[in-house]
Amino acid sequence: MDGVWGLVARTVWWFLPAMAANQAPVLARGVPLLDRPVDGGRAWMDGRRLLGSHKTWRGLAAGVVAGAAAAVIQSLIPAPASWVLAPGVRPLVWGAALGAGALAGDLAKSFLKRRRDVEPGEPWFPADQLDAAVGAILAASLLAPVPADVALCLLLLAAPLHLAANRAGYWLGLREVDR
Ligand code: CTP
Ligand code: MG
């Protein structure tokens, strides 16, 4: 498959572990493990929380596990060689890195939201949509070169993919909001 659709398929395929990671913290909310805030309850110089009590180690761990699991499952599915961005990297490592990158992007965005006095959960376009994509691109580029066309395609697709994933989660009864 070539052309624009080939690029889209390749981009979505490599980004799937990060998408799984992005949904995982919501799914893991009932799990009674690691339910501690990443910011340790600390505030920044402005007196507001660094990240907020809703950003937990449990969510972060769930994201890394979900990313790794998604990449391992993908490695069992025959896909065109061109869809695999880092053929030399073990799927477990690749997926865990993408998951960690996506959720690091999410934490960085939450830090900026708190600095701008945006409440947890309050929409903040376009950072809410781009956080995981930017984080995943940075993490992936530590392991393999990310082609410019793939990175650009992902940044363009990030908002619709984010919306589609959240809407699916909402329909499945996993999230309260569908944005
Ligand atoms: N979550 C978590 N740990 C994380 C990230 C998310 O436990 N590291 C859980 C929290 O219950 C959070 C939910 O997943 O409320 C949804 O996460 P997200 O959409 O990223 O949070 P927002 O409510 O949009 O918060 P923010 O304004 O900080 O982006
Ligand atoms: Mg988020």
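Worth saying up front: this structure is predicted, and the values here are computed from it rather than measured. Read the numbers this way: they start at 1 and go in the same order the structure lists the ligands and their atoms. The first residue of the sequence shown is numbered 1, and numbering continues consecutively from there. FYI, side chains are in, hydrogens and waters are out, and symmetry mates aren't considered; it's all heavy atoms of this structure.
One finds the CG atom of L143 at 7.5 Å from the CG atom of L98 (value rounded to the nearest 0.5 Å). Taken from SG in C153 to CH2 in W14, the straight-line distance is 10.5 Å, to the nearest 0.5 Å.
The backbone N or O of L130 sits nowhere less than 3.5 Å from a side-chain atom of K109 that would complete a donor-acceptor pair. The closest donor-acceptor contact from the side chain of N22 to the backbone of A18 lies at 3.5 Å or more, if one exists at all. One N or O on the side chain of R58 and one on the backbone of R29 form a donor-acceptor pair closer than 3.5 Å.
Between K55 and D39, no side-chain nitrogen of the basic residue sits less than 4.0 Å from a carboxylate oxygen of the acidic one, so the salt-bridge criterion is not met.
By the 3.5 Å distance cut-off applied to N or O atoms, R114 is counted among the residues near ligand 1.
Heavy-atom neighbours of R48 CZ from other residues, nucleotides or ligands within 6.0 Å: above the threshold of 12.
Here is the list of ligand 1 atoms found below 4.0 Å of a heavy atom in R58: 7 (O). The ligand atoms of ligand 1 that sit less than 4.0 angstrom from a heavy atom of D106 are 5 (C), 20 (O). Residue E119 has at least one heavy-atom neighbour below 4.0 Å for each of these atoms of ligand 1: 27 (O). For ligand 1 and K109, the ligand atoms under 4.0 Å from any heavy atom of the residue are 29 (O). Taking a cut-off of under 4.0 Å to the non-hydrogen atoms of L60, the atoms of ligand 1 that pass are 8 (N).
For H54, heavy-atom contacts with ligand 1 shorter than 4.0 Å involve the backbone as well as the side chain. The side chain of R29, and not its backbone, has at least one atom closer than 4.0 Å to an atom of ligand 1 (non-hydrogen atoms only; side chain from C-beta on). Within the 4.0 Å heavy-atom criterion, neither part of L51 lies near ligand 1.
Remark: R114 fails to qualify as a cation-pi partner of F111 under the 6.0 Å distance and 45° angle criteria applied to the six-membered ring.
Under a 4.0 Å heavy-atom criterion, V26 is in contact with ligand 1. Distances shorter than 4.0 angstrom do not occur between any heavy atom of G52 and any atom of ligand 1.
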